[in-house]
Participant: 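Attaching a single structure in structure tokens format; questions to follow.
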Amino acid sequence: MTVTHQELAAVVRKARDHAKALLDELQTQGHPDTRQSSSLYLALVTLQKRLQAVDPPPPAIARFVPELEQMARACSGKLTSIKPLIDEALRLAHGQ
């Protein structure tokens with residue numbers, strides 16, 4: 001795993017943690033954005049696991065850009081607070 005993979009994984013972990021807290025809050029409220037929040041959280045969990053894979057090693061950083069762009073587009077309504085973290089991850093990914 002490269003340093004950039006580690007940095008990207010750290011930002012994705014922050015976004016994942018924020019998404020989890022938001023998901024818990026929305027579930028408690030019975031909010032209609034719960035399903036979208038759950039999908040985003042699960043996507044972040046999966047992305048983080050792929051970034052931290054050892055065998056086989058994670059793919060090149062550029063391969064994560066389309067997923068991150070899709071996640072950024074999904075950050076509307078109650079999920080807008082997660083978007084800055086995903087944008088930060090995108091900046092890191094584009095830097096490669």
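Just so you know, residue 1 is the first one in the sequence shown, and it goes up from there. Note that these values count all heavy atoms, side chains included, but never hydrogens, waters or copies made by symmetry. Since the model is a prediction, treat every value here as computed from it, not as a measurement.
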Participant: Please report the closest heavy-atom contact between S81 and L22, naming both atoms and the distance.
Facilitator: OG-CD2, 4.2 Å
Participant: Where do V12 and A89 come nearest, in terms of heavy atoms and distance?
Facilitator: CG2-CB, 4.5 Å
Participant: Can you tell me how far CD of E25 sits from CG of D33, rounded to the nearest 0.5 angstrom?
Facilitator: 11.0 Å
Participant: Tell me which donor-acceptor pairs under 3.5 Å the side chains of residues 37-49 have, and how far apart each pair is, sequence neighbours excluded?
Facilitator:
residue, atom, partner, partner atom, Å
S39, OG, R35, O, 3.2
T46, OG1, L42, O, 3.0
Q48, OE1, R16, NH1, 2.6

Participant: How far does CZ of F64 sit from CE of M71, to the nearest 0.5 angstrom?
Facilitator: 9.5 Å
Participant: Roughly how far, to the nearest 0.5 Å, is CD1 of I61 from CG of L8?
Facilitator: 5.0 Å
Participant: If you round to the nearest 0.5 Å, how far is CZ of R50 from CZ of R63?
Facilitator: 8.5 Å
Participant: Can you check whether T34's main-chain N or O pairs, donor with acceptor, with Q27's side chain at less than 3.5 Å?
Facilitator: no
Participant: In terms of heavy-atom contacts, does CD of Q29 have more than 12 from other residues, nucleotides or ligands at under 6.0 Å?
Facilitator: yes
Participant: Between D24 and K20, is there a salt bridge with N-O shorter than 4.0 Å?
Facilitator: yes
Participant: Return the CG to NE2 distance between L85 and H18, rounded to the nearest 0.5 Å.
Facilitator: 7.0 Å
Participant: Establish, from distance only, whether the side-chain atoms of T2 and H5 form a donor-acceptor pair under 3.5 Å.
Facilitator: yes
Participant: As an exercise, state the distance from CZ of R73 to CD1 of I86, rounded to the nearest 0.5 Å.
Facilitator: 11.0 Å
Participant: Which heavy-atom pair separates K83 from C75 by the least distance, and what is that distance?
Facilitator: CB-CB, 3.7 Å
Participant: Check V65 against A93 and note the closest heavy-atom contact, atom names and distance.
Facilitator: CG2-CB, 3.6 Å
Participant: Could you tell me which non-hydrogen atom of P58 sits nearest to which non-hydrogen atom of L51, and how far apart they are?
Facilitator: CG-O, 3.4 Å
